[in-house]
Amino acid sequence: MLVVLMSLLTAYFALTRIELGSTQASVRQTTGFYAAEAGLNLRAEEIRAKFLGYNRPQGTSPSPTNPCQGNNLGSGDFACKAYTVSGRTVRTYVVEAAGNPQNVTIPPGELYENLDAQEYRYSLFSEAIGPDGRTEAVLELVFKSRLVPMFQFAAFYNKDLEILPGPNMTLNGRVHTNGDLYLNAGNTLTIQGQVSTAGTLYRGRKDTTGCSGTVNVYKENNQPASLPCGSGNSRRSFDQASVAAWGNRVQVGVSPVSVPQPEDLEPQPGRTYWEKADLRLGLDLYTTPPLVKVYRVQNGTNVPDLGATAALNACVGAVGTSEGFYNWREGRVIRMMEVDLRKLLDCVHLNSSIFGFSLNDATEGGLVFHFTVFGPNSSEVNNYGVRIKNGGEIASTLPNAPRPRGLTIVTDQAVYIQGDFNKTNWIPAAFLADSLNILSNAWTDDARSYQTLSQRAASDTEVNAAFLSGTDITGGVEGPSGRDKGNYNGGLENYPRFHETWSGKTLTYRGSFVSLGIPRRVNGPWCGTGGSGTYDPLRGRVSGKTGCNIYDPPTRNWSYEVRFSQGQLPPLSPRFVYLRQERFLREFERP
């Protein structure tokens, strides 16, 4: 019996030891798996971030035989890189697929279906090594990094988006926001393109609990269907299950995409648009009198180009400055950098050897002009602006001058578009600015900015260009914390800022609305329409003011510029980046 008992006891301890070892091995492999997976996520994020700002990963991958051993480490963005996760050493490296990039159309059924994109393909490897030096898990992730131009959307916001028009409004393009989406109408709002939000979809307003009008969104069969209000005409929220009837045309709670930051518009060396601009003009307020100068970037520093500056200022009327426009929304007289676009194009053509480019330059798909102001508080809230006029046709007036292929105007300050823009002989065009203002064809003299609103009558005007600028926040806070509070931001319908009474007049617009954040150079809130009052510039005070006295809205003949979705995009169009996983593989252990 003692022999039998000892045998059983020995067998028990042996089995227990085997089970304990098996459990420990399982725990070790599980911990190693999650550590290796974390390595994949960290490395994929680094690859994604590399694409922001028109960069792309560069380097060489290690050889597939004994990767990350000895001198087999690769280089650049594809080289071996180690992380410490859960007490494990996680070694990672990247292999780029042959033939990158590929121009693709995103397939039907996917988010952002039918949009054009540049697609880069990569394989990412991650190996978790335990404290004992043994490999615990080896993972491979095959993924695509897609770069999608944002001007393929009728509206693209990196914040809460509110579309609340009074009159009937039809959006014939896609709508996306990385925040919450609020849809409401005074009459009828119709959206014909795909709708997607990374937050929550609301039928109703953000600043109140109300819901009104009719909101139609097209289904996959291209037939409109109404999004209903809540009971008692109250605001209603929708999740993905509650919009199942729309199929792929309405998507709620999608992953947010990575976008450029507003700081990319800064006139600083290293910033994308300043570095890549064909022409960099800055109004220097530190000189007496203030002078518009041409700048180069040399050795990481902004340097005035004396020869190009002299040539520029010899072109009479091409550029200049003024200080006579009173902005009622900001309550300030604006120091303007004045740009007569056609005269500037004449100047460039006559001095192409000095400026270093021709009007038909195709480096970035066309011309990129960056305009800014260098002066006190120019990088803070200020009273500066850049005004573009005489842009009805984007072309030189000189015979035999080549036509620009496209034009993107960039500024880190407020931009003011005066009169028709790109109406005749259309080319792809865009404005990238801190905030965006429109003055009608009737605006010929800044003296009228001091008059009553009824005396600032607009006339019919047409603007054809994509817009990227800052917009205000309802309630002062993005997301749920800003709901049911005052200070409505004016919605998409008030994206352009007006300064006239447009009653009975039409603003015709073809383009795309993109907003990546709030304005950083202006802080005057949207406060509604109507009012009266005059400003005495000699006494520096307002008299007889009632209401806001800023503007009355135009008849909005607005639509998405469909040519943007046909490959005719403005130069250096901003892009968002997202990753799409194609395959995930696990090797349980390496010998």
Side-chain angles (χ1 to χ4, degrees), residues 48 52 111-112 115 148-165 171 173-185 189 191 193-211 215 217 227 235-240 242-243 246 249-265 432 434-436 466-495 512-520 523 525-526 560 574-579:
R48 180 206 58 78
L52 296 177
L111 183 61
Y112 315 125
L115 289 180
V148 183
M150 287 184 274
F151 291 152
Q152 295 182 95
F153 290 78
F156 183 103
Y157 272 45
N158 192 38
K159 57 200 296 292
D160 290 352
L161 170 57
E162 301 165 72
I163 309 178
L164 318 175
L171 283 174
R174 300 172 178 86
V175 173
H176 172 82
T177 173
N178 275 347
D180 294 329
L181 177 61
Y182 295 83
L183 301 177
N184 201 53
L189 167 65
I191 302 176
Q194 185 184 59
V195 175
S196 56
T197 171
T200 301
L201 171 62
Y202 293 97
R203 174 66 174 88
R205 302 180 65 94
K206 180 181 178 182
D207 58 329
T208 71
T209 61
C211 179
V215 173
V217 179
L227 281 171
R235 183 179 61 221
R236 177 183 175 183
S237 64
F238 291 82
D239 57 17
Q240 189 59 48
S242 57
V243 292
W246 279 264
R249 299 301 290 273
V250 179
Q251 300 209 15
V252 180
V254 303
S255 297
V257 294
S258 300
V259 300
Q261 297 302 307
E263 288 79 8
D264 282 354
L265 305 184
L432 281 58
D434 182 69
S435 57
L436 195 136
F467 291 160
L468 182 153
S469 79
T471 53
D472 294 342
I473 304 173
T474 294
V477 182
E478 302 287 2
S481 298
R483 285 205 309 262
D484 304 331
K485 297 180 180 178
N487 300 321
Y488 171 50
N489 73 349
L492 180 70
E493 62 274 18
N494 285 294
Y495 182 114
S512 168
F513 296 104
V514 175
S515 180
L516 302 182
I518 62 173
R520 297 179 301 141
N523 59 6
W526 185 87
Y560 171 68
R575 307 172 297 181
F576 69 81
V577 184
Y578 78 101
L579 304 183

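By convention here, the first residue in the shown sequence is residue 1. Since we're looking at a predicted model, the values are computed, not measured. Computed over heavy atoms, backbone and side chain alike; hydrogens, waters and symmetry mates excluded.
In this structure, the separation between CZ on Arg249 and CZ on Arg174 is 8.5 Å, given to the nearest 0.5 Å. Atoms CG and OG1, from Asn489 and Thr471 in turn, are 6.0 Å apart once rounded to the nearest 0.5 Å.
Closest of all the heavy-atom pairs between Asn494 and Gly490 is ND2-O, 2.8 Å. Nearest heavy atoms, Pro149 versus Gln152: CD-NE2, 3.2 Å. Contact record, Ala155 with Leu161: CB-CD2, 4.2 Å, taken as the closest heavy-atom pair. Taking both residues in full, the closest heavy atoms of Val577 and Arg48 are given as CG1-CG, 3.8 Å, listed atom of the first, atom of the second, then distance.
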Should Leu183 and Ile191 be marked as a side-chain contact (heavy atoms from CB on, under 4.5 Å) after you check the CA-CA gap, both sets of side-chain angles, and the distance that decides it?
CA-CA 10 Å; Leu183 301 177; Ile191 302 176; 4.0 Å; yes
Tell me, with the steps shown, if Asp484 and Arg235 meet side-chain contact (heavy atoms from CB on, under 4.5 Å).
CA-CA 10 Å; Asp484 304 331; Arg235 183 179 61 221; 2.8 Å; yes
Which is it for Leu111 and Gln194 under the side-chain contact (heavy atoms from CB on, under 4.5 Å) test, yes or no, and what are the steps along the way?
CA-CA 9 Å; Leu111 183 61; Gln194 185 184 59; 4.3 Å; yes
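Side-chain atoms of Asp180 do not come within 3.5 Å of backbone N or O of Asp160 as any donor-acceptor pair. The backbone N or O of Val257 lies less than 3.5 Å from a partner atom in the side chain of Asn178, making a donor-acceptor pair. Side chain of Lys206 to backbone of Thr474: a donor-acceptor contact under 3.5 angstrom is found. Side-chain atoms of Tyr495 come within 3.5 Å of backbone atoms of Val514 as a donor-acceptor pair (strictly under, hydrogens ignored). In this structure, the side chain of Gln251 does not engage the main chain of Ala198 through any donor-acceptor pair within 3.5 Å. Using a distance-only test at 3.5 Å, with no hydrogens or angles considered, no donor-acceptor pair links the side chain of Glu478 to the main chain of Ile473. Here the side chain of Trp246 pairs a donor or acceptor atom with the backbone of Val217 at under 3.5 angstrom. Within the 3.5 Å criterion, the main-chain N or O of Phe156 finds no donor-acceptor partner in the side chain of Thr177.
Checking Ser515, Ser435, Pro519 one by one against Asp472, the side-chain contact (heavy atoms from CB on, under 4.5 Å) holds for a single residue, Pro519. Screening Tyr202, Tyr488, Phe238 for a ring-ring contact (aromatic ring centres under 6.0 Å, His included) with Tyr182, the sole residue that qualifies is Tyr202.
The closest side-chain heavy-atom distance from Ser469 to Phe513 is not below 4.5 Å. The side-chain heavy atoms of Leu201 and Leu181, taken from C-beta on, include a pair separated by under 4.5 Å. Between Asp434 and Leu265, every side-chain heavy-atom pair lies at or beyond the 4.5 Å cut-off. By the 4.5 Å heavy-atom criterion applied to side chains, Arg203 and Asn184 are counted as neighbours. Contact check for Leu492 versus Leu171: side-chain heavy atoms found under the 4.5 Å cut-off. Side-chain contact check for Met150 versus Ser512: every heavy-atom pair is 4.5 Å or farther apart. By the 4.5 Å heavy-atom criterion applied to side chains, Ser237 and Thr200 are counted as neighbours.
Aromatic rings of Phe576 and Tyr112 (six-membered ring for Trp) have centroids within the 6.0 Å cut-off, being under it.
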